[in-house]
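These notes concern the structure reproduced below.
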2 protein chains.
Amino acid sequence: METTSHRGDHHRSAEHRRRELLEAAERVVLRDGPGASMNAIAAEAGITKPILYRHFGDKDGLYRALAVRHTDALLDGLRAALDAPADRRRRVEATLDTYLAAIEARPQVYRFLMHPSEETRGDEQGFDVGRQSAPVLRRMGEELAQVIAERLDLGPGGEEQARVWGHGIVGMMHAAGDWWLRERPCSRAQLVAHLAELLWGRLAVVHDRVGAPGF
Amino acid sequence: METTSHRGDHHRSAEHRRRELLEAAERVVLRDGPGASMNAIAAEAGITKPILYRHFGDKDGLYRALAVRHTDALLDGLRAALDAPADRRRRVEATLDTYLAAIEARPQVYRFLMHPSEETRGDEQGFDVGRQSAPVLRRMGEELAQVIAERLDLGPGGEEQARVWGHGIVGMMHAAGDWWLRERPCSRAQLVAHLAELLWGRLAVVHDRVGAPGF
DNA sequence: CCTGCCTGTTACTTGCGGTAACATCAGTGT
DNA sequence: ACACTGATGTTACCGCAAGTAACAGGCAGG
(Lines give C-alpha, C1' and ligand atoms only; values in the text may rest on other atoms or scores of the structure.)
Protein backbone atom coordinates (compact mmCIF):
# COMPACT_ATOMS: atom_id res chain seq x y z
CA MET A 1 0.00 0.00 0.00
CA GLU A 2 2.05 2.92 -1.09
CA THR A 3 -1.14 4.91 -1.15
CA THR A 4 -1.71 4.93 2.58
CA SER A 5 1.08 7.38 3.24
CA HIS A 6 0.32 10.38 1.13
CA ARG A 7 -3.23 9.79 0.08
CA GLY A 8 -4.23 9.00 3.61
CA ASP A 9 -2.55 12.16 4.79
CA HIS A 10 -4.20 14.15 2.10
CA HIS A 11 -7.59 12.85 2.96
CA ARG A 12 -7.14 13.26 6.64
CA SER A 13 -5.88 16.79 6.34
CA ALA A 14 -8.72 17.58 3.95
CA GLU A 15 -11.28 16.32 6.42
CA HIS A 16 -9.47 18.02 9.23
CA ARG A 17 -9.57 21.27 7.29
CA ARG A 18 -13.25 20.74 6.66
CA ARG A 19 -13.89 20.35 10.37
CA GLU A 20 -11.93 23.50 11.11
CA LEU A 21 -13.96 25.40 8.56
CA LEU A 22 -17.19 24.08 10.01
CA GLU A 23 -16.15 25.12 13.49
CA ALA A 24 -15.27 28.60 12.28
CA ALA A 25 -18.61 28.80 10.49
CA GLU A 26 -20.38 27.71 13.63
CA ARG A 27 -18.66 30.39 15.67
CA VAL A 28 -19.73 33.06 13.18
CA VAL A 29 -23.27 31.79 12.87
CA LEU A 30 -23.65 31.67 16.63
CA ARG A 31 -22.33 35.19 16.88
CA ASP A 32 -24.00 36.86 13.91
CA GLY A 33 -27.12 34.78 13.46
CA PRO A 34 -28.13 32.73 10.42
CA GLY A 35 -27.65 35.71 8.11
CA ALA A 36 -23.88 35.53 8.43
CA SER A 37 -22.09 36.13 5.14
CA MET A 38 -19.66 33.79 3.46
CA ASN A 39 -17.05 36.53 3.65
CA ALA A 40 -17.42 36.73 7.42
CA ILE A 41 -17.14 32.98 7.79
CA ALA A 42 -14.09 32.85 5.55
CA ALA A 43 -12.47 35.67 7.52
CA GLU A 44 -13.15 33.89 10.80
CA ALA A 45 -11.48 30.80 9.37
CA GLY A 46 -8.53 32.92 8.25
CA ILE A 47 -9.06 32.25 4.56
CA THR A 48 -11.13 33.59 1.66
CA LYS A 49 -14.40 32.72 0.02
CA PRO A 50 -13.48 30.44 -2.88
CA ILE A 51 -12.11 27.85 -0.47
CA LEU A 52 -15.43 27.62 1.25
CA TYR A 53 -17.09 27.13 -2.10
CA ARG A 54 -14.63 24.42 -3.04
CA HIS A 55 -15.40 22.57 0.17
CA PHE A 56 -19.14 23.00 0.39
CA GLY A 57 -20.37 23.89 -3.07
CA ASP A 58 -22.60 26.76 -2.05
CA LYS A 59 -23.95 28.41 1.04
CA ASP A 60 -26.68 25.90 1.37
CA GLY A 61 -24.14 23.08 1.34
CA LEU A 62 -22.21 24.69 4.16
CA TYR A 63 -25.34 25.25 6.18
CA ARG A 64 -26.52 21.72 5.63
CA ALA A 65 -23.14 20.36 6.73
CA LEU A 66 -23.35 22.55 9.81
CA ALA A 67 -26.86 21.42 10.58
CA VAL A 68 -26.16 17.71 10.37
CA ARG A 69 -24.08 17.60 13.54
CA HIS A 70 -26.59 19.45 15.69
CA THR A 71 -29.50 17.60 14.21
CA ASP A 72 -27.90 14.28 14.96
CA ALA A 73 -27.08 15.31 18.50
CA LEU A 74 -30.63 16.49 19.11
CA LEU A 75 -32.14 13.34 17.67
CA ASP A 76 -29.86 11.18 19.78
CA GLY A 77 -31.08 12.96 22.89
CA LEU A 78 -34.69 12.53 21.87
CA ARG A 79 -34.23 8.84 21.15
CA ALA A 80 -32.64 8.36 24.55
CA ALA A 81 -35.57 10.07 26.24
CA LEU A 82 -38.00 7.98 24.23
CA ASP A 83 -36.22 4.82 25.38
CA ALA A 84 -36.00 5.69 29.06
CA PRO A 85 -37.29 3.00 31.41
CA ALA A 86 -40.57 4.47 32.58
CA ASP A 87 -44.25 4.46 31.73
CA ARG A 88 -45.59 6.08 28.63
CA ARG A 89 -46.53 9.37 30.17
CA ARG A 90 -43.11 9.76 31.70
CA ARG A 91 -41.45 9.01 28.40
CA VAL A 92 -43.50 11.61 26.59
CA GLU A 93 -42.72 14.16 29.26
CA ALA A 94 -39.03 13.30 29.15
CA THR A 95 -38.98 13.69 25.38
CA LEU A 96 -40.71 17.06 25.51
CA ASP A 97 -38.38 18.19 28.26
CA THR A 98 -35.30 17.05 26.37
CA TYR A 99 -36.29 19.05 23.33
CA LEU A 100 -37.17 22.12 25.33
CA ALA A 101 -33.99 21.93 27.38
CA ALA A 102 -31.98 21.77 24.16
CA ILE A 103 -33.56 24.83 22.62
CA GLU A 104 -33.37 26.66 25.92
CA ALA A 105 -29.68 25.93 26.34
CA ARG A 106 -28.65 27.07 22.88
CA PRO A 107 -31.26 29.24 21.26
CA GLN A 108 -28.90 30.42 18.54
CA VAL A 109 -28.27 26.87 17.43
CA TYR A 110 -31.96 26.20 17.56
CA ARG A 111 -32.73 29.24 15.49
CA PHE A 112 -30.16 28.27 12.95
CA LEU A 113 -31.43 24.73 12.65
CA MET A 114 -35.01 25.76 12.12
CA HIS A 115 -34.06 28.19 9.42
CA PRO A 116 -31.22 26.82 7.34
CA SER A 117 -31.38 28.24 3.86
CA GLU A 118 -34.61 29.99 3.00
CA GLU A 119 -35.43 29.28 -0.58
CA THR A 120 -33.45 26.63 -2.39
CA ARG A 121 -33.76 27.65 -5.99
CA GLY A 122 -35.34 25.02 -8.18
CA ASP A 123 -38.84 26.20 -7.73
CA GLU A 124 -40.06 26.21 -11.30
CA GLN A 125 -43.36 28.01 -10.74
CA GLY A 126 -45.36 24.79 -10.53
CA PHE A 127 -46.57 24.89 -6.96
CA ASP A 128 -44.37 22.67 -4.88
CA VAL A 129 -45.93 23.80 -1.63
CA GLY A 130 -44.20 25.47 1.28
CA ARG A 131 -41.34 23.21 2.20
CA GLN A 132 -39.92 25.94 4.35
CA SER A 133 -40.14 23.67 7.34
CA ALA A 134 -36.62 22.88 8.38
CA PRO A 135 -35.37 19.41 7.53
CA VAL A 136 -34.73 18.78 11.19
CA LEU A 137 -38.44 19.02 11.89
CA ARG A 138 -39.22 16.59 9.13
CA ARG A 139 -36.63 14.17 10.41
CA MET A 140 -37.95 14.45 13.94
CA GLY A 141 -41.47 13.85 12.71
CA GLU A 142 -40.46 10.81 10.72
CA GLU A 143 -38.47 9.32 13.57
CA LEU A 144 -41.22 9.83 16.07
CA ALA A 145 -43.68 8.31 13.61
CA GLN A 146 -41.48 5.27 13.34
CA VAL A 147 -41.29 4.84 17.10
CA ILE A 148 -45.03 5.19 17.40
CA ALA A 149 -45.72 2.74 14.60
CA GLU A 150 -43.28 0.23 16.04
CA ARG A 151 -44.52 0.24 19.57
CA LEU A 152 -48.21 1.03 19.54
CA ASP A 153 -50.92 -1.21 18.23
CA LEU A 154 -52.96 1.23 16.21
CA GLY A 155 -54.84 -1.35 14.17
CA PRO A 156 -55.51 -1.08 10.42
CA GLY A 157 -54.18 2.11 8.86
CA GLY A 158 -52.00 2.49 11.89
CA GLU A 159 -48.88 3.42 10.02
CA GLU A 160 -50.57 6.35 8.37
CA GLN A 161 -51.93 7.47 11.70
CA ALA A 162 -48.51 7.12 13.27
CA ARG A 163 -47.01 9.42 10.66
CA VAL A 164 -49.72 12.01 11.18
CA TRP A 165 -49.17 11.84 14.91
CA GLY A 166 -45.41 12.00 14.59
CA HIS A 167 -45.44 15.16 12.54
CA GLY A 168 -48.29 16.64 14.53
CA ILE A 169 -46.63 16.09 17.88
CA VAL A 170 -43.32 17.46 16.64
CA GLY A 171 -45.09 20.51 15.29
CA MET A 172 -46.88 21.02 18.57
CA MET A 173 -43.61 20.75 20.47
CA HIS A 174 -41.87 23.12 18.10
CA ALA A 175 -44.53 25.81 18.04
CA ALA A 176 -45.09 25.72 21.78
CA GLY A 177 -41.35 25.75 22.38
CA ASP A 178 -40.83 28.67 20.05
CA TRP A 179 -43.53 30.69 21.76
CA TRP A 180 -42.33 29.73 25.21
CA LEU A 181 -38.74 30.64 24.46
CA ARG A 182 -39.83 34.04 23.24
CA GLU A 183 -42.25 34.92 26.03
CA ARG A 184 -41.08 32.77 28.92
CA PRO A 185 -44.52 32.73 30.49
CA CYS A 186 -43.80 29.78 32.77
CA SER A 187 -41.22 27.24 33.82
CA ARG A 188 -40.11 24.48 31.53
CA ALA A 189 -41.66 21.87 33.77
CA GLN A 190 -45.01 23.60 33.64
CA LEU A 191 -44.87 23.81 29.88
CA VAL A 192 -44.12 20.12 29.69
CA ALA A 193 -47.02 19.37 32.00
CA HIS A 194 -49.44 21.46 29.94
CA LEU A 195 -48.40 19.81 26.69
CA ALA A 196 -48.63 16.34 28.19
CA GLU A 197 -52.09 17.16 29.45
CA LEU A 198 -53.07 18.19 25.96
CA LEU A 199 -51.71 14.98 24.48
CA TRP A 200 -53.51 13.03 27.16
CA GLY A 201 -56.82 14.25 25.88
CA ARG A 202 -57.81 16.73 28.50
CA LEU A 203 -59.16 18.97 25.76
CA ALA A 204 -61.87 16.37 25.23
CA VAL A 205 -63.04 16.06 28.80
CA VAL A 206 -62.71 19.48 30.38
CA HIS A 207 -66.03 21.20 31.07
CA ASP A 208 -67.47 24.26 29.41
CA ARG A 209 -67.45 27.46 31.36
CA VAL A 210 -70.85 28.25 32.75
CA GLY A 211 -72.74 30.84 30.75
CA ALA A 212 -70.36 30.74 27.78
CA PRO A 213 -70.97 29.42 24.28
CA GLY A 214 -69.88 25.83 24.24
CA PHE A 215 -66.61 24.59 22.85
CA MET B 1 -65.64 71.74 4.08
CA GLU B 2 -63.18 72.57 1.43
CA THR B 3 -61.10 69.59 2.52
CA THR B 4 -63.51 66.83 1.64
CA SER B 5 -63.25 67.36 -2.09
CA HIS B 6 -59.57 67.30 -2.83
CA ARG B 7 -58.20 65.59 0.25
CA GLY B 8 -60.75 62.87 -0.01
CA ASP B 9 -59.92 62.33 -3.66
CA HIS B 10 -56.24 62.30 -2.90
CA HIS B 11 -56.61 59.77 -0.18
CA ARG B 12 -58.86 57.55 -2.19
CA SER B 13 -56.63 57.52 -5.22
CA ALA B 14 -53.63 56.89 -3.01
CA GLU B 15 -55.32 53.93 -1.40
CA HIS B 16 -56.54 52.79 -4.76
CA ARG B 17 -52.99 52.90 -6.08
CA ARG B 18 -51.82 51.02 -3.05
CA ARG B 19 -54.34 48.26 -3.71
CA GLU B 20 -53.23 48.07 -7.33
CA LEU B 21 -49.64 47.70 -6.27
CA LEU B 22 -50.56 45.05 -3.75
CA GLU B 23 -52.45 43.11 -6.39
CA ALA B 24 -49.51 43.27 -8.77
CA ALA B 25 -47.22 42.14 -5.98
CA GLU B 26 -49.52 39.28 -5.23
CA ARG B 27 -49.53 38.17 -8.85
CA VAL B 28 -45.74 38.15 -8.92
CA VAL B 29 -45.37 36.41 -5.58
CA LEU B 30 -47.83 33.75 -6.62
CA ARG B 31 -45.95 33.28 -9.87
CA ASP B 32 -42.34 33.50 -8.68
CA GLY B 33 -42.58 32.40 -5.08
CA PRO B 34 -41.69 34.39 -1.97
CA GLY B 35 -38.23 35.23 -3.34
CA ALA B 36 -39.71 37.63 -5.89
CA SER B 37 -37.63 40.78 -6.28
CA MET B 38 -38.82 44.31 -5.87
CA ASN B 39 -37.79 44.99 -9.44
CA ALA B 40 -40.04 42.22 -10.68
CA ILE B 41 -42.97 43.47 -8.64
CA ALA B 42 -42.45 47.03 -9.83
CA ALA B 43 -42.27 45.85 -13.44
CA GLU B 44 -45.48 43.87 -13.04
CA ALA B 45 -47.16 46.97 -11.69
CA GLY B 46 -45.81 48.98 -14.66
CA ILE B 47 -43.68 51.27 -12.51
CA THR B 48 -40.26 51.33 -10.90
CA LYS B 49 -38.82 50.49 -7.52
CA PRO B 50 -38.76 53.80 -5.64
CA ILE B 51 -42.54 54.03 -5.82
CA LEU B 52 -42.86 50.74 -4.03
CA TYR B 53 -40.51 52.02 -1.36
CA ARG B 54 -42.49 55.22 -0.97
CA HIS B 55 -45.65 53.22 -0.44
CA PHE B 56 -44.39 50.42 1.74
CA GLY B 57 -41.11 51.58 3.25
CA ASP B 58 -39.18 48.42 2.60
CA LYS B 59 -39.66 44.91 1.33
CA ASP B 60 -40.80 43.71 4.68
CA GLY B 61 -43.45 46.39 4.74
CA LEU B 62 -44.79 45.31 1.39
CA TYR B 63 -44.82 41.68 2.42
CA ARG B 64 -46.53 42.48 5.67
CA ALA B 65 -49.18 44.48 3.86
CA LEU B 66 -49.66 41.56 1.50
CA ALA B 67 -49.90 39.10 4.33
CA VAL B 68 -52.49 41.01 6.31
CA ARG B 69 -55.29 40.38 3.83
CA HIS B 70 -54.73 36.65 3.60
CA THR B 71 -54.12 36.31 7.30
CA ASP B 72 -57.35 38.08 8.09
CA ALA B 73 -59.28 35.95 5.63
CA LEU B 74 -57.84 32.76 7.06
CA LEU B 75 -58.54 33.80 10.62
CA ASP B 76 -62.10 34.73 9.75
CA GLY B 77 -62.63 31.26 8.34
CA LEU B 78 -61.17 29.65 11.41
CA ARG B 79 -63.30 31.72 13.74
CA ALA B 80 -66.38 30.75 11.79
CA ALA B 81 -65.52 27.09 12.08
CA LEU B 82 -64.85 27.50 15.77
CA ASP B 83 -68.29 29.07 16.21
CA ALA B 84 -70.25 26.50 14.21
CA PRO B 85 -73.28 25.08 16.01
CA ALA B 86 -72.12 21.58 16.87
CA ASP B 87 -70.45 19.66 19.66
CA ARG B 88 -66.85 20.20 20.61
CA ARG B 89 -65.40 17.40 18.57
CA ARG B 90 -67.19 18.58 15.45
CA ARG B 91 -65.95 22.11 15.99
CA VAL B 92 -62.37 20.98 16.32
CA GLU B 93 -62.69 18.87 13.21
CA ALA B 94 -64.27 21.73 11.30
CA THR B 95 -61.48 24.07 12.34
CA LEU B 96 -58.78 21.65 11.29
CA ASP B 97 -60.54 21.03 8.02
CA THR B 98 -60.95 24.73 7.33
CA TYR B 99 -57.26 25.34 7.77
CA LEU B 100 -56.28 22.36 5.67
CA ALA B 101 -58.73 23.25 2.92
CA ALA B 102 -57.27 26.74 2.79
CA ILE B 103 -53.69 25.60 2.42
CA GLU B 104 -54.73 22.94 -0.05
CA ALA B 105 -56.59 25.43 -2.23
CA ARG B 106 -53.77 27.95 -2.43
CA PRO B 107 -50.43 26.45 -1.53
CA GLN B 108 -48.50 29.39 -2.92
CA VAL B 109 -50.33 31.79 -0.66
CA TYR B 110 -49.78 29.45 2.22
CA ARG B 111 -46.09 29.21 1.51
CA PHE B 112 -45.81 32.95 1.30
CA LEU B 113 -47.65 33.53 4.55
CA MET B 114 -45.50 31.11 6.50
CA HIS B 115 -42.31 32.64 5.22
CA PRO B 116 -42.64 36.39 4.97
CA SER B 117 -39.27 38.02 5.41
CA GLU B 118 -36.55 35.73 6.66
CA GLU B 119 -34.33 37.71 8.95
CA THR B 120 -35.46 41.16 9.95
CA ARG B 121 -32.25 42.88 10.89
CA GLY B 122 -32.11 44.12 14.43
CA ASP B 123 -30.64 41.02 15.90
CA GLU B 124 -28.02 42.49 18.20
CA GLN B 125 -26.26 39.25 19.06
CA GLY B 126 -28.00 38.94 22.42
CA PHE B 127 -30.04 35.81 21.85
CA ASP B 128 -33.52 36.79 20.85
CA VAL B 129 -34.46 33.26 19.96
CA GLY B 130 -35.73 32.02 16.66
CA ARG B 131 -38.73 34.14 15.87
CA GLN B 132 -38.71 32.80 12.38
CA SER B 133 -42.19 31.47 12.93
CA ALA B 134 -44.49 33.45 10.74
CA PRO B 135 -46.63 36.06 12.45
CA VAL B 136 -49.72 34.36 11.14
CA LEU B 137 -48.93 31.31 13.25
CA ARG B 138 -48.48 33.44 16.32
CA ARG B 139 -51.74 35.20 15.69
CA MET B 140 -53.54 31.93 15.17
CA GLY B 141 -52.06 30.56 18.37
CA GLU B 142 -53.08 33.62 20.35
CA GLU B 143 -56.59 33.64 18.97
CA LEU B 144 -57.11 29.98 19.63
CA ALA B 145 -55.75 30.46 23.14
CA GLN B 146 -58.27 33.19 23.71
CA VAL B 147 -61.15 31.04 22.53
CA ILE B 148 -60.02 28.19 24.75
CA ALA B 149 -59.57 30.41 27.78
CA GLU B 150 -62.97 32.01 27.23
CA ARG B 151 -64.98 28.88 26.84
CA LEU B 152 -63.32 26.14 28.85
CA ASP B 153 -63.16 25.94 32.60
CA LEU B 154 -59.52 25.04 33.10
CA GLY B 155 -59.33 25.99 36.75
CA PRO B 156 -56.41 27.89 38.32
CA GLY B 157 -53.60 28.65 35.93
CA GLY B 158 -56.04 28.02 33.14
CA GLU B 159 -55.07 31.00 31.09
CA GLU B 160 -51.48 29.90 30.88
CA GLN B 161 -52.57 26.44 29.93
CA ALA B 162 -54.89 27.85 27.30
CA ARG B 163 -52.01 29.71 25.70
CA VAL B 164 -49.81 26.65 25.67
CA TRP B 165 -52.61 24.66 24.11
CA GLY B 166 -53.41 27.34 21.57
CA HIS B 167 -49.88 27.53 20.26
CA GLY B 168 -49.38 23.81 20.53
CA ILE B 169 -52.51 22.94 18.58
CA VAL B 170 -51.74 25.49 15.91
CA GLY B 171 -48.23 24.09 15.59
CA MET B 172 -49.59 20.58 15.32
CA MET B 173 -52.02 21.66 12.62
CA HIS B 174 -49.33 23.53 10.75
CA ALA B 175 -46.69 20.82 10.83
CA ALA B 176 -49.10 18.06 9.95
CA GLY B 177 -50.61 20.16 7.17
CA ASP B 178 -47.22 21.00 5.76
CA TRP B 179 -46.20 17.37 5.69
CA TRP B 180 -49.53 16.25 4.28
CA LEU B 181 -49.49 18.85 1.53
CA ARG B 182 -46.05 17.70 0.47
CA GLU B 183 -46.61 13.97 0.58
CA ARG B 184 -50.36 13.65 0.17
CA PRO B 185 -50.45 10.31 1.93
CA CYS B 186 -54.18 10.34 2.59
CA SER B 187 -57.37 12.31 2.13
CA ARG B 188 -58.01 15.52 3.98
CA ALA B 189 -60.83 13.94 5.93
CA GLN B 190 -58.58 11.16 7.13
CA LEU B 191 -55.92 13.62 8.21
CA VAL B 192 -58.52 15.56 10.15
CA ALA B 193 -59.72 12.36 11.79
CA HIS B 194 -56.21 11.33 12.80
CA LEU B 195 -55.43 14.71 14.31
CA ALA B 196 -58.72 14.82 16.18
CA GLU B 197 -58.00 11.37 17.56
CA LEU B 198 -54.65 12.63 18.77
CA LEU B 199 -56.23 15.63 20.45
CA TRP B 200 -58.83 13.37 21.99
CA GLY B 201 -56.15 11.53 23.89
CA ARG B 202 -55.97 8.28 22.03
CA LEU B 203 -52.21 8.36 22.45
CA ALA B 204 -52.79 7.80 26.16
CA VAL B 205 -55.07 4.81 25.90
CA VAL B 206 -53.93 2.80 22.90
CA HIS B 207 -52.26 -0.49 23.78
CA ASP B 208 -48.64 -1.47 23.37
CA ARG B 209 -47.80 -3.85 20.59
CA VAL B 210 -47.22 -7.34 21.91
CA GLY B 211 -43.54 -8.22 22.21
CA ALA B 212 -42.30 -4.65 21.72
CA PRO B 213 -40.66 -2.32 24.22
CA GLY B 214 -43.39 -0.28 25.79
CA PHE B 215 -44.24 3.24 24.87
C1' DC C 1 12.40 18.86 -15.20
C1' DC C 2 7.88 18.76 -16.02
C1' DT C 3 3.18 17.39 -14.91
C1' DG C 4 -0.69 17.07 -11.76
C1' DC C 5 -2.99 18.28 -7.76
C1' DC C 6 -4.06 20.61 -3.75
C1' DT C 7 -4.40 25.09 -1.38
C1' DG C 8 -4.71 29.66 -1.56
C1' DT C 9 -5.14 34.33 -3.63
C1' DT C 10 -7.10 38.73 -6.20
C1' DA C 11 -10.41 40.55 -8.88
C1' DC C 12 -14.47 40.17 -11.15
C1' DT C 13 -19.63 39.57 -12.49
C1' DT C 14 -24.40 39.53 -11.35
C1' DG C 15 -28.22 40.62 -8.84
C1' DC C 16 -30.56 42.46 -4.95
C1' DG C 17 -32.33 46.00 -1.44
C1' DG C 18 -32.38 50.63 -0.83
C1' DT C 19 -31.61 55.74 -1.85
C1' DA C 20 -30.52 60.43 -3.91
C1' DA C 21 -31.53 63.64 -7.26
C1' DC C 22 -34.09 65.23 -10.64
C1' DA C 23 -38.52 65.90 -13.71
C1' DT C 24 -43.60 66.53 -14.18
C1' DC C 25 -48.13 67.72 -13.49
C1' DA C 26 -52.43 69.18 -10.45
C1' DG C 27 -54.49 72.02 -7.44
C1' DT C 28 -53.92 76.27 -3.99
C1' DG C 29 -53.12 80.92 -2.05
C1' DT C 30 -52.24 85.60 -3.18
C1' DA D 1 -51.06 85.13 -13.87
C1' DC D 2 -47.49 83.05 -10.76
C1' DA D 3 -44.83 80.95 -7.46
C1' DC D 4 -45.57 77.10 -4.00
C1' DT D 5 -46.61 72.56 -2.46
C1' DG D 6 -47.00 67.86 -2.84
C1' DA D 7 -47.73 63.65 -4.96
C1' DT D 8 -46.09 60.63 -8.98
C1' DG D 9 -42.73 59.13 -11.62
C1' DT D 10 -38.00 58.64 -13.57
C1' DT D 11 -32.64 57.45 -14.09
C1' DA D 12 -28.66 56.53 -11.98
C1' DC D 13 -26.29 55.27 -8.29
C1' DC D 14 -24.37 52.88 -3.59
C1' DG D 15 -23.33 48.92 -0.74
C1' DC D 16 -23.23 44.30 -0.13
C1' DA D 17 -23.66 39.44 -0.75
C1' DA D 18 -23.36 35.05 -3.59
C1' DG D 19 -20.80 32.92 -6.70
C1' DT D 20 -16.91 32.51 -10.32
C1' DA D 21 -12.78 32.93 -13.24
C1' DA D 22 -7.92 33.14 -13.52
C1' DC D 23 -3.86 33.06 -11.72
C1' DA D 24 0.23 31.71 -8.03
C1' DG D 25 2.91 28.65 -5.07
C1' DG D 26 4.08 23.94 -2.56
C1' DC D 27 4.83 19.21 -3.13
C1' DA D 28 4.04 14.59 -4.73
C1' DG D 29 5.81 11.17 -8.55
C1' DG D 30 7.09 9.94 -13.58
Side-chain angles (χ1 to χ4, degrees), chain A residues 1-22 24-25 28-29 32-66 115-123, chain B residues 1-22 24-25 28-29 32-66 115-123:
Chain A
M1 308 299 194
E2 83 292 4
T3 59
T4 44
S5 62
H6 80 284
R7 282 196 61 192
D9 282 6
H10 276 204
H11 272 165
R12 206 178 42 192
S13 67
E15 291 197 8
H16 185 69
R17 198 84 186 95
R18 188 186 164 94
R19 295 181 81 93
E20 284 180 345
L21 297 185
L22 277 178
V28 175
V29 164
D32 296 353
S37 81
M38 295 296 267
N39 261 327
I41 293 172
E44 171 73 25
I47 52 162
T48 50
K49 266 194 300 176
I51 305 183
L52 288 181
Y53 283 95
R54 280 219 267 269
H55 274 277
F56 303 104
D58 61 352
K59 187 171 188 167
D60 211 63
L62 202 176
Y63 275 37
R64 242 181 289 115
L66 248 191
H115 185 40
S117 79
E118 156 97 340
E119 46 168 325
T120 60
R121 284 260 162 267
D123 203 342
Chain B
M1 302 90 159
E2 84 291 7
T3 61
T4 44
S5 62
H6 78 286
R7 282 198 60 193
D9 283 4
H10 275 207
H11 271 165
R12 205 173 47 188
S13 67
E15 290 197 9
H16 186 67
R17 198 83 185 95
R18 188 186 165 93
R19 296 180 81 94
E20 284 181 344
L21 298 184
L22 276 179
V28 175
V29 164
D32 296 352
S37 81
M38 296 295 268
N39 262 327
I41 293 172
E44 170 74 24
I47 52 159
T48 50
K49 270 193 300 176
I51 304 181
L52 288 180
Y53 284 95
R54 280 220 267 268
H55 274 277
F56 303 103
D58 61 353
K59 187 172 189 167
D60 212 63
L62 203 177
Y63 275 36
R64 241 180 290 116
L66 248 191
H115 184 40
S117 80
E118 156 98 339
E119 47 168 325
T120 59
R121 285 256 164 268
D123 203 344

Distance in angstrom units between [X] [atom1] and [N] [atom2], rounded:
{"X": "D32(A)", "N": "dA17(D)", "atom1": "CG", "atom2": "P", "value": "10 Å"}
{"X": "H55(B)", "N": "dG18(C)", "atom1": "NE2", "atom2": "C1'", "value": "17 Å"}
{"X": "L62(A)", "N": "dG19(D)", "atom1": "CG", "atom2": "P", "value": "10 Å"}
{"X": "M38(B)", "N": "dG17(C)", "atom1": "CE", "atom2": "C1'", "value": "8 Å"}
{"X": "N39(A)", "N": "dC12(C)", "atom1": "CG", "atom2": "P", "value": "16 Å"}
{"X": "E20(B)", "N": "dT8(D)", "atom1": "CD", "atom2": "P", "value": "12 Å"}
{"X": "R18(B)", "N": "dG9(D)", "atom1": "CZ", "atom2": "P", "value": "15 Å"}
{"X": "K59(B)", "N": "dG15(C)", "atom1": "NZ", "atom2": "P", "value": "15 Å"}

Nearest-0.5 Å distance that lies between atom OG in S37(A) and atom NZ in K59(A):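 So the gap between those two atoms works out to 6.5 Å.
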Any chance you could measure L52(B), atom CG, to L22(B), atom CG, to the nearest 0.5 Å?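 If we round to the nearest 0.5 Å, L52(B):CG and L22(B):CG are 9.5 Å apart.
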What are the two closest non-hydrogen atoms of [X] and [Y], and how far apart are they?
{"X": "A40(A)", "Y": "V28(A)", "value": "O-CG2, 4.0 Å"}
{"X": "L21(A)", "Y": "A45(A)", "value": "CD2-CB, 3.8 Å"}
{"X": "A36(A)", "Y": "D32(A)", "value": "CB-CB, 4.1 Å"}

Under-4.0 Å side-chain N/O to phosphate OP1/OP2 contact, R17(A) with dG8(C):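 For R17(A), the contact criterion (side-chain N or O under 4.0 Å from OP1 or OP2 of dG8(C)) is met.
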Side chains of L62(B) and M38(B) in contact at under 4.5 Å (non-hydrogen atoms):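 Sidechains of M38(B) and L62(B): in contact.
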Min side-chain heavy-atom separation I47(B)-H55(B) under 4.5 Å: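 With C-beta onward as the side chain, the pair stays apart.
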Salt bridge between E15(A) and R18(A), side-chain N to carboxylate O under 4.0 Å?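 No, this pair does not count.
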Angle between the end axes of the helix from dC1(C)-dG30(D) to dT30(C)-dA1(D), five pairs per end, to the nearest 10 degrees?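 Both end axes considered, the difference amounts to 30°.
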Do any of residues 45-54 of chain B sit with a heavy atom less than 4.0 Å from DNA chain C, and if so which?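 Those residues whose heavy atoms fall under 4.0 Å from DNA chain C, taken from residues 45-54 of chain B in numerical order, are K49(B), P50(B), Y53(B).
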